[in-house]
Amino acid sequence: MDDAAAKDTGVISAADEQALIDSIDRWLTRKVAPIAAQFEQADEYPTELVHDMCEMGLFGALIEPQYGGLGLPAITYSRIVARISEEWMSLTGFFNSHLMMALIVQKFGTQAQKEHWLPRFATGELRGGLALTEPDAGTDLQGIRTTARRDGDVYRITGSKLWITNAIEGDILAVLVKTDPDAVPRHRGMSVLITPTRDLETGKEAEGVSRGKKLPKLGYRGIDTGGISFDDAPVDARLGLVGGEEGKGFLMATGGLEIGRVNVAARGVGIARRALKEAVAYSQIRQTMGKPIAQHQAIQLKLGEMAAKTRAAELLVEDAARAYDRGGRVDLEAGMAKWFATETAFEVATESMRIHGANGYSKEYPIERLYRDAPLLIIGEGTNEMQRIIIARQLIARNPV
Ligand SMILES: Cc1cc2nc3c(=O)[nH]c(=O)nc-3n(C[C@H](O)[C@H](O)[C@H](O)COP(=O)(O)OP(=O)(O)OC[C@H]3O[C@@H](n4cnc5c(N)ncnc54)[C@H](O)[C@@H]3O)c2cc1C
């Protein structure tokens, strides 16, 4: 953490901010590092660590203090995410998906919706995520088929979502639906509904909701990613329809992705940093031809490039986070940070694995997990193909001739 983290943001004092970061550091060393590999390999939900993250306020990290959150600026948030990802990236997914749901309410919700949901989101009493993707629609979000029709005081949702983080263990989701499937252009018929997936009194499955199984994954394990189906599932219209107006959901969902992209880019920084650190250490210990491999020029060329790219990724993430904190849309900055930092994470993890030789292929060394975690970052929160298209479109829009 550098000095900028200690800047007084006007929301949280510099001292409180530093104390939070220090306490996360201590928690990572004491509680996460000793068990991360074991839980990850067993793909086991880390209940106690999720509880700890609620206690530390991470589920309310970006929620305004008036609703019980920490109200952190994105710059501090991105540093926390990068630091946790150095230890175990999956942990950041629990609270980031949840915060993307919360930010939709905070940014676009009615006053009654903010007062009703945000305090319970901030403590982690209710945990959830953002349900956009469907079996037949990921990048092309306007092609979703899940619908919601008004029925008196409720909306009734029908359809299926897939690849949803916090869908199995969570309590609630911000679900992107079509309230007018025939609208042209298609995004005008889309809305977001805050949808409890459990009966919030009894904890049982909510009416009309069926959770799928946790999906087995290459990496990013431990966290529950799954499918969820809705069959005429009722959602209270007043508390559920974000902003109280149909047809604004596409903007809400894609606006939420900007902080999601800063978060994914920060995860990339964490992965790259740790992979670099492991490579620097290992290459000084492992000997071939009578000297540490770090003294072979072929390895030095790799380390030099890995270090420079990791630093460049850190700076781009800072740039995007600061732009986010200044306000307004940050598609360009978040897109650049997301693309570069996550491609860097993938490259640096791969190079570090190669530097580790056969040991890089062993579950006894952390590099194997970093290597499996990195590819998700290229896909999630908008694929890296789409990021470059977004960057180019923004460049053209900001520089008309
Ligand atoms: C572990 C994990 C967790 C996830 N968590 C969530 C979550 O919590 N909530 C949620 O809603 N979603 C989640 N997702 C889904 C994720 O957001 C989507 O997978 C992603 O948006 C890509 O969609 P897709 O998989 O349908 O790929 P597709 O859209 O089918 O794309 C396939 C390929 O085609 C390329 N492509 C598509 N369209 C274009 C185009 N117009 N131009 C150029 N190239 C294009 C893509 O870049 C990609 O390479 C998660 C995914 C994973 C793997």
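One-based numbering, in listed order, for ligands and for the atoms of each. For reference, positions follow the sequence shown, starting with 1. Computed from a prediction, not measured in an experiment: that's the story for all the values here.
- A donor-acceptor pair under 3.5 Å links the side-chain atoms of Lys338 to the main chain of Leu377, judged by distance alone.
- Residues satisfying the ring-ring contact (aromatic ring centres under 6.0 Å, His included) test with Tyr45, not counting sequence neighbours, are Phe94.
- With a heavy-atom cut-off of 4.0 Å, Thr225 touches ligand 1 through its side chain alone.
- Protein heavy atom nearest atom 47 (O) of ligand 1, with residue, atom name and distance: Thr383 OG1, 2.6 Å.
- Heavy-atom distances between Leu215 and ligand 1 stay at or above 4.0 Å for every pair.
- In this structure, the side chain of Asp151 does not engage the main chain of Val154 through any donor-acceptor pair within 3.5 Å.
- Contacts of Thr133 with ligand 1, taken as heavy-atom pairs under 4.0 Å, involve both backbone and side chain.
- Between the side chains of Asn384 and Glu343, at least one donor N or O sits under 3.5 Å from an acceptor N or O.
- The ligand atoms of ligand 1 that sit less than 4.0 angstrom from a heavy atom of Ile389 are 42 (N), 43 (C).
- Checking Thr197 against Asp171 by side-chain atom types alone, no donor-acceptor pair falls below 3.5 Å.
- Using a 4.0 Å cut-off to heavy atoms of Ile379, the atoms of ligand 1 that qualify are 19 (O), 20 (C).
- Closest heavy-atom contact between Ile293 and Ile355: CD1-O, 3.6 Å.
- Of the polar atoms of Met386, none of the N or O atoms is found under 3.5 Å from an N or O of ligand 1, judged by distance alone.
- Polar contact check, Glu385 against ligand 1: a nitrogen or oxygen pair lies under 3.5 Å apart.
- The ring-ring contact (aromatic ring centres under 6.0 Å, His included) check on Phe59 picks up His98, with sequence neighbours excluded.
- If you look at Tyr220 next to ligand 1, the close heavy atoms, those under 4.0 Å, all belong to the side chain.
- Remark: ligand 1 atoms within the under-4.0 Å shell around heavy atoms of Leu132 are 10 (C), 11 (O).
- Within ligand 1, the atoms closer than 4.0 Å to a non-hydrogen atom of Leu376 are 1 (C), 2 (C), 52 (C), 53 (C), numbered from 1 in the order shown.
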